Structures are given as C-alpha cells and as structure tokens.
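Worksheet for the structure shown next.
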Amino acid sequence: ARETTSRQRDRDRDQSTMTDTEHGAEPTRVLSRFAPSRSASVRHSAFLSTSHGMFLPAAEQLEILTRGAVDVHVREELHERLTKSAETGKPLRVKAGFDPTRPDLHIGHAVLLEKLAQFQRLGHTAILLVGEFTAMVGDPSGANEARPRLSRDDVRAAANTYTDQAFRILDKSKTEIRYNSEWLDKLSANDMVELMAKMTVSRMLERSDFSARFADHRPIHMHEFLYPLLQGYDSVALEADVELGGTDQLFNLMVGRDIQPRYGQRGQCVLTCPLLEGTDAKFENGAVVGKKMSKSANNYIGLQEPPVDMFRKCMQIDDKVIWRYFELLSTESAASILDMKSECASKGGDARPYKERFANEIISRLHTPEDATRAAFEFANTYAADDVPADIPEHEVKTEGDTLWIAKALSSAGLVKSTGEGKRLVEQGGVELDRVQIRDGQLKLDKGKRYLLRVGSKNRRFAYVKVIG
C-alpha cells in the first residue's frame, strides 16, 4: 500500500487542503436540521458493543485491513484509532458509498464491499451509503466529459437492487444503511454556499481529469465541482472515522478528510482499493493490463448471475491474471495464495484447477456451496472431454510477429470465410478457445502454442491451430 506517515502528513495537507485563513472561516458546526446527530447515527446501527474483548489487537487489524490496499492516509493514524477503539470497545464508523447509476453490481464492486466487510467482521460499524443525491449530480472522476444526468426515478430504480446485492457480501444485521438524500436534499442555498467556501477552484483544477479538460478547452460544468464537496459532506453528516473507495476516488475521499475539521470533526482516515480488471485482462511485461471490469465492456461477473455462468466466466480469466482475482477477492491468506502460485508454476503453469477453486469460493459466498458444486458439475458436463471429436483437423498457421490475430486463425483454419466474419463471431460469443468462450475480437494467440478452436453451438466445428514463425 502507498502509506502516508507522519513525515508525509504536512506535505499531503499542503497538497489536499486550504488553510482556514484562506477562506476566513472558523470551523463550521453541522446544522442539526439536515445532519444526523451522533446518537441518531447510533440508532441506525444494528451493531454496537462496549465489550473490551471484542477487537483483535490494533496491529493485527491493521495488517488485515491494509492487505490489497493502494493508498492509506494516514497509516499510523489509522493504527492509533484502531488502538483506541480496542481499548474503549467503541467501533469505528467506516463508510463506503455507491452511486446507483446501474441496477447491477459485479465482483469489481465486491472488492470494495469485501474491504468494508473486513471492518465489519473485526467489530466496526459498516456504513453502506447509497448515493441517491450524488448519482443525480454525476461523479466526474475519470471522465473526459460531463456524465449524463440521471433522474430521481432512474436512481431510485437502481437503488432498489443495490442493497440486496450488497448483502450477499455484508452482514445485513450489522450494517448501517443510509441514503445521502437524507441530508443533501435539505441543504439550503446558504448551506450550499457555506460548503462551497471550503474549497478553491484552483484546488479543483489540480484533479487530472479537470486539468486535462481545462487544457483541451473542453467544458467543465459547475455542478461537477460540487460532486467532491457533496461526497465530502456525506462524511461530515455521518461522522465517519474511515472512508473507503476505489483508487479513482482518492481526490473525493481526501476532500472529506479536509472539510471535516471545518465542521468541528476530526478528519477521516482514507483507504483505497484497486480497480479490478475485467475477465478479458492479460498479463504483459510483468503486469495485469486491460480495461476495468464493467457491464458496458462486457467483461464482468455479476453478483446475481446464475452460478454456472459465473463458473464459466471465472474459467475464462487468463491463467496469470487469476492471481490478481485471488489477491483482491479471496479470503485465502496471502501465504496460501503464494503457495498455490508456486504449485501452479511447478506443474507447468496450468491454472485451471486454481480457477475452479476461485470459482467455487466466489459462488459459495455469493450463492451457496451447493450452487457452486452444481455449477462445477454442469461446467464439467458441458465441456467434458468426450464432447470433443477424436478426428479434429490440425492446422499450422504462420505469423511474422510473435502473435497471431484470432480472426486470422479462424479464417486460416477454414472455420470462417473471412477475418471480418471471424471477428464478429468472436465478439458475439460464438467462438471458444481451449473450451472457454471468448469475446475479445482483437485477441492475439502466442507463437509456438497449439490451440483448440470451436465455432457454433448446435452445428459445432473444431480445429487445432498451431502458431508457427
């Protein structure tokens, strides 16, 4: 993790906040008519305990919580808060927010939900914040233009499914569910001006996405500047001790840390999780590369998908990329994952047994262990060895480079009439490579390897293709 220590603290403050004298204001008290009190927040929580023996030692908690994290602001401060929490028996209030812009969640979202669940399992108060209000504003993070505005009806329709999906990972009985429309709907014009006075335009333009658009003379709308402030104010209203988010959310999370002291609160600790790459990601030059998991990129595994579909998609993951999924989503220990990687390498790098193990774990957690067993059985039956003909034709296809385009392989083997047809067939899900469905029309096959290609479902055709130089 990129850890912030006391030596870095002042520098981070300079980069991420204004001084009070810059806006000439004393810390502002949260107005009780639109922000819940501490006692009100407690009433919403289903899990509070005063038992001094319920928490692990702070150092052990910190080791668990920072596994897989990218940014930790500030590590020693988080350790201090965990220590105090263990001594007093008072849980930390840990917030993770999700804007319901789409009705379905996928396991990319589960990375953050699992981190929140770790805090929850360690005895802290997990706050699942549904960003009803902020979803209508639109998060500018990572956007090269303004995001489309959503109506309240659109947002509510998506929000209705979010909590049920989240509770496949979180313990519902121990989760505080909140909607930021509770307090943001009640902000007056004066309250909004007060909030905007906590930030400068120059500070906003430090964001890479805003600065790039400004330099390219592309529009930046005023409501986009409001988004980080509104997300930051959520932390004020919830009196958050810790906020979690993806790496693309770091600026927004730090805004919350910055403005809490202006409202008389201690600034929250911030912890970010990596963005999970999609099922089509590759391992190149020692790193995982590819688009982040998303429904629009069709490289996702949905939290509510049928178990057999989840199993199949897990088996599609690149042999070397599967370890990234283990590290971010599995409850296996770091030592156990390293042992599996070593074992896999010693057996020639065939990761199929480990993909099956990962699929079994994820399906068991998101559905049931029985569903995982049935999914493995269905998958094995569908792709059983005796489903493959014994007389599959062999083709050697020459390439000038180190790789061969999948569409060229298909046309050279006579499975399609042209590379254009081959590309379309792949993107439509009509092609399997080594018994796993592929959808990347630009997929490259490595020179020196032999591949089993299959096209069609009812009228199946097979070919072995060996890529040669």
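Please read all numbers here as calculations on a predicted model, not as lab measurements. One-based numbering along the sequence shown.
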Q: Go through Arg374 and Asp371 one step at a time and tell me if the salt bridge (charged side-chain N to carboxylate O under 4.0 Å, His left out) criterion holds.
A: CA-CA 5 Å; Arg374 280 192 293 269; Asp371 287 328; 2.6 Å; yes
Q) Looking only at side chains, do Gln231 and Asp234 share a donor and an acceptor under 3.5 Å apart? A) no
Q: Mind running side-chain contact (heavy atoms from CB on, under 4.5 Å) on Ile64 and Leu56 for me, showing each step along the way?
A: CA-CA 10 Å; Ile64 294 169; Leu56 288 174; 4.0 Å; yes
Q.
Both conditions, 6.0 Å and 45 degrees, for the charged tip of Lys355 above the ring of Tyr325: are they met here?
A. no
Q. Quick one: are His79 and Val74 in side-chain contact, heavy atoms under 4.5 Å?
A. no
Q | Steps toward salt bridge (charged side-chain N to carboxylate O under 4.0 Å, His left out) verdict (Arg365, Glu114) | A | CA-CA 11 Å; Arg365 286 162 56 193; Glu114 176 58 31; 3.0 Å; yes
Q: Nearest 0.5 Å please: distance from the CZ atom of Arg75 over to the CG atom of Leu62.
A: 4.0 Å
Q.
Using the ring centroid of each side chain, check whether Phe225 and Phe210 are separated by less than 6.0 Å.
A. yes
Q. Is Ile322 close to Phe283 at the side-chain level, that is, under 4.5 Å between some pair of heavy atoms?
A. no
Q. Are Glu132 and Arg178 close enough for a salt bridge, meaning some N to O gap below 4.0 Å?
A. no
Q: Give, for atom CG of Leu226 and atom CE of Met199, the distance between the pair rounded to the nearest 0.5 Å.
A: 11.5 Å
Q: Would you check if there is a donor-acceptor pair between the side chains of Gln260 and Arg266 at a distance under 3.5 Å?
A: no
(Q) Side chains of Tyr179 and Asp185: any donor to acceptor distance under 3.5 Å? (A) no
Q | Non-hydrogen side-chain atoms of Ile362 and Leu366 separated by less than 4.5 Å | A | yes
Q.
Whether Asp216 and Arg213 form a salt bridge (side-chain N of Lys/Arg under 4.0 Å from carboxylate O of Asp/Glu) is what I want to check.
A. no
Q. Just by distance, with hydrogens left out, do Gln316 and Lys313 show a side-chain donor and acceptor under 3.5 Å apart?
A. no
(Q) By the ring pair (Phe, Tyr, Trp, His ring centres under 6.0 Å) test, which pairs, at least two apart or in different chains, include something from residues 287-313? (A) Phe311-Phe379
**Q.** Which atom of Gly232 lies closest to which atom of Ile259, heavy atoms considered
**A.** C-CD1, 3.6 Å
Q. Closest approach of Thr247 and Pro274, non-hydrogen atoms and distance?
A. CG2-CA, 4.1 Å
Q | Pairwise side-chain contact, Asp191 with Ser188, heavy-atom cut-off 4.5 Å (strictly under) | A | yes
Q. Hey, are Glu327 and Arg67 close enough for a salt bridge, meaning a charged N less than 4.0 Å from a carboxylate O?
A. no
Q. Which heavy atom in Asp171 sits nearest to a heavy atom in Gln120, and how many Å separate them?
A. N-OE1, 2.9 Å
Q | Atom CD of Glu63 with >12 non-hydrogen neighbours under 6.0 angstrom | A | no
Q) Is His367 reaching over with its side chain to a backbone N or O of Glu305, donor-acceptor style, under 3.5 angstrom? A) yes
Q: Would you give the length of the straight line joining atom CE of Met340 to atom CZ of Phe326, rounded to the nearest 0.5 angstrom?
A: 4.0 Å
**Q.** His106 versus Ser294, closest heavy-atom pair with distance
**A.** NE2-CA, 3.9 Å
Q.
Angle between ring planes, Tyr354 versus Trp323, binned at 30° and 60°: parallel, tilted or perpendicular?
A. tilted
Q: List the atom of Leu443, the atom of Ile438, and the distance in Å for their closest heavy-atom pair.
A: CD2-CD1, 3.8 Å
Q | Whether Ser151 side chain and Asp154 backbone form a donor-acceptor pair below 3.5 Å | A | yes
Q. Is the shortest distance from a Lys or Arg side-chain nitrogen in Glu239 or Lys95 to a carboxylate oxygen in the other one below 4.0 Å?
A. no
Q.
Under the criterion side-chain contact (heavy atoms from CB on, under 4.5 Å), I'd like the reasoning laid out for Thr368 against Ser364: C-alpha separation, chi angles, the key distance, then a yes or no.
A. CA-CA 4 Å; Thr368 68; Ser364 295; over 6 Å; no
(Q) Check Glu421 with Arg424, please: is the shortest side-chain N to carboxylate O separation under 4.0 Å? (A) no
Q. Using 4.0 Å as the upper bound for N to carboxylate O, is an ion pair formed by Glu427 and Lys423?
A. yes
**Q.** Pairing of Lys320 and Asp318 as salt bridge, 4.0 angstrom limit
**A.** no
Q) Is Glu182 salt-bridged to Lys186, going by a charged N under 4.0 Å from an acidic O? A) no
Q | Straight-line distance of Leu275 CG to Gln249 CD, nearest 0.5 Å | A | 9.0 Å
Q. Can a donor-acceptor pair be found between the side chains of Asn180 and Thr134 at a distance below 3.5 Å?
A. yes
Q. More than 12 heavy atoms of other residues, nucleotides or ligands under 6.0 Å from CG of Asp402: is that the case?
A. no
Q. Does the Glu60 side chain pair with the main chain of Pro57, one donor and one acceptor, at a distance under 3.5 Å?
A. no
Q | Heavy-atom pair with the smallest gap, counting every atom of Leu105 and Leu113 | A | CD1-CD1, 4.4 Å
Q) Just wondering, do Val130 and Phe98 contact through their side chains at under 4.5 Å, heavy atoms? A) no
(Q) Would you compute the distance between atom CG of Leu195 and atom CE of Met192 and round it to the nearest 0.5 angstrom? (A) 6.5 Å
Q. Under 3.5 Å, is there a donor-acceptor pair between the Ser235 and Glu243 side chains?
A. yes
Q | Any donor-acceptor N/O pair, Gln428 side chain to Leu425 backbone, under 3.5 Å | A | no
Q: Kindly determine whether Leu244 and Thr272 satisfy side-chain contact (heavy atoms from CB on, under 4.5 Å), including the steps that lead there.
A: CA-CA 6 Å; Leu244 312 177; Thr272 67; over 6 Å; no
Q: Evaluate the side-chain contact (heavy atoms from CB on, under 4.5 Å) criterion for residues Thr163 and Leu128: first the C-alpha distance (whole Å), next the side-chain angles of each, then the deciding distance (0.1 Å), finally the verdict.
A: CA-CA 8 Å; Thr163 52; Leu128 178 64; 4.3 Å; yes
Q.
Just by distance, no angles: are the side chains of Gln165 and Thr161 close enough, under 3.5 Å, to form a donor-acceptor pair?
A. yes
Q.
Just verifying a value: how many Å separate Gln61 CD and Arg121 CZ, rounded to the nearest 0.5 Å?
A. 12.5 Å
Q: Using a strict cut-off of less than 4.0 Å between a Lys/Arg side-chain nitrogen and an Asp/Glu carboxylate oxygen, indicate whether Asp241 and Arg81 qualify as a salt bridge.
A: yes
Q | Heavy-atom side-chain proximity of Met293 to Glu277 below 4.5 angstrom | A | no
Q. Residues in side-chain hydrogen bond (donor to acceptor under 3.5 Å, both in side chains) with Ser330, at least two apart?
A. Glu361
Q. Any luck finding a side-chain donor-acceptor pair between Asn252 and Arg207 under 3.5 Å?
A. yes
Q. Hey, does Val242 have a side-chain heavy atom less than 4.5 Å from the side chain of Arg93?
A. no
Q) Aromatic rings His124 and Phe119: how do their planes relate, parallel, tilted or perpendicular, breaks at 30° and 60°? A) perpendicular
(Q) Salt bridge check, Glu77 against Arg257: does any charged N sit closer than 4.0 Å to a carboxylate O? (A) yes
Q.
Using only atom types and a distance under 3.5 Å, with no angle test, would you say the side chain of Thr88 pairs donor to acceptor with the backbone of Lys90?
A. yes
**Q.** Test item: Thr125 and Leu92 side chains (from C-beta on) under 4.5 Å apart, heavy atoms
**A.** no
